[in-house]
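Here's the structure we're looking at; comments come further down.
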Amino acid sequence: MDESTAFEGVAGDTARRLLPAALLKESQGVVDGASLLAVAEQLRAAARMRAALSELVPVVEAMAQRCPEGSDVRATALLSVGEARRRLDAGPRPLDAVRYAERMGRSVMAMCCLVGRLSAQVGAGHVLAWQPPQRGRLELVSCGQAWDAVKVPGHIGESVLARLGEETGAVIEDPRGHVWYWLVLPGAPDNWIECGAECLGMAAYVVVPPADRTEGLGVRWRVPLSSEHYLTEASALRKALAAETAS
């Protein structure tokens, strides 16, 4: 599975916009600096923030709905989603360009912060358990909600798995694409490139095999998902990758 497969159905600009850390930085820049821009640049900034907000709202809503009824983070997220939708529906009037850009930027900042809070809830196990597809079908699954996927080159997959031992969680193998995917908590740290890997989070997609597919030439489970093997601790995986790349 190559990069185009991992991002299938997601435009390149969309994928970049929905990287929370980068988007938070960009939206903060709009809020702080919109008044210094020319009107045409203010309008472009507002359009970028509006597009990002339109894409973030359903993501935050879906994550919130996976949290328990009555939880504070769920209530806060759903209220914020409602307010963001009202702002999107209202459009720029009666605001001028700079105030509209700032408003959209603040809304994007709020959504990015909620992604972090909701991801922590996912990691703490306060949401419904995720299950792979059933009945022999593949499924394109969005990363960044139940899990992120660390993409590891296939030629080191077996060695990394051996280094992890019992610390490994579930692992997806794509023999034709020559890559393996370890599932980790959403919001895993960046900078996996130095370990020879890549972490796929929000706006990325991974082809997930059915629960019982552990053999064959196509996408399959190298370590099937179970109560004992689900999410791998990111620090343990980084350590195993670092040791392998240094060997």
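Model, not experiment: these values are computed from the prediction.
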Compare all side-chain heavy atoms of Trp192 with those of Leu237 and state whether any distance is below 4.5 angstrom. yes
Just wondering, are more than 12 heavy atoms of other shown residues or ligands nearer than 6.0 Å to CZ in Arg137? yes
With rounding to the nearest 0.5 angstrom, report the CG to CZ distance, Leu53 to Arg48. 14.5 Å
Counting only heavy atoms not in Glu215 (residues, nucleotides, ligands), do more than 12 fall under 6.0 Å from its CD? no
Test item: Glu26 and Met49 side chains (from C-beta on) under 4.5 Å apart, heavy atoms: yes
Glu198 side chain vs Lys151 backbone, donor-acceptor pair below 3.5 Å: no
Validation row: Ser80, Met111 side chains within 4.5 angstrom (heavy atoms): yes
In terms of heavy-atom contacts, does CG of Leu36 have more than 12 from other residues, nucleotides or ligands at under 6.0 Å? yes
Ion pair Arg99/Glu102, N-O distance below 4.0 Å: no
Closest heavy-atom pair, Gln42 versus Ala34, reported as atoms and distance to 0.1 Å, is NE2-O, 3.0 Å
Check whether Trp221 reaches the backbone of Pro210 with its side chain - one donor and one acceptor, N or O, closer than 3.5 Å. yes
Could you tell me whether Asp72 atom CG has more than 12 heavy atoms of other residues or ligands within 6.0 Å of it? no
Taking only Lys NZ, Arg NE, NH1 and NH2, and the carboxylate oxygens of Asp or Glu, determine whether Glu69 and Arg74 approach each other closer than 4.0 Å. yes
In plain terms, say whether Glu173 and Arg213 are close enough for a salt bridge, that is, a side-chain N and a carboxylate O under 4.0 Å apart. no
Do Pro175 and Leu217 come close enough that some side-chain heavy atom pair is under 4.5 Å? no
Side-chain contact, heavy-atom cut-off 4.5 Å: Arg222 with Glu158? yes
Sequence neighbours left out, cut at 3.5 Å: what donor-acceptor pairs do the side chains of residues 161-170 make with other protein atoms?
unit_1: Arg163; atom_1: NE; unit_2: Glu244; atom_2: OE1; d: 2.9
unit_1: Arg163; atom_1: NH2; unit_2: Glu244; atom_2: OE1; d: 3.3
unit_1: Thr168; atom_1: OG1; unit_2: Trp182; atom_2: NE1; d: 2.9

Any side-chain heavy-atom pair from Arg50 and Pro92 closer than 4.5 angstrom? no
Check each of Leu183, Val223, Val171 against His229 using the side-chain contact (heavy atoms from CB on, under 4.5 Å) test, and report the only one that passes. Val223
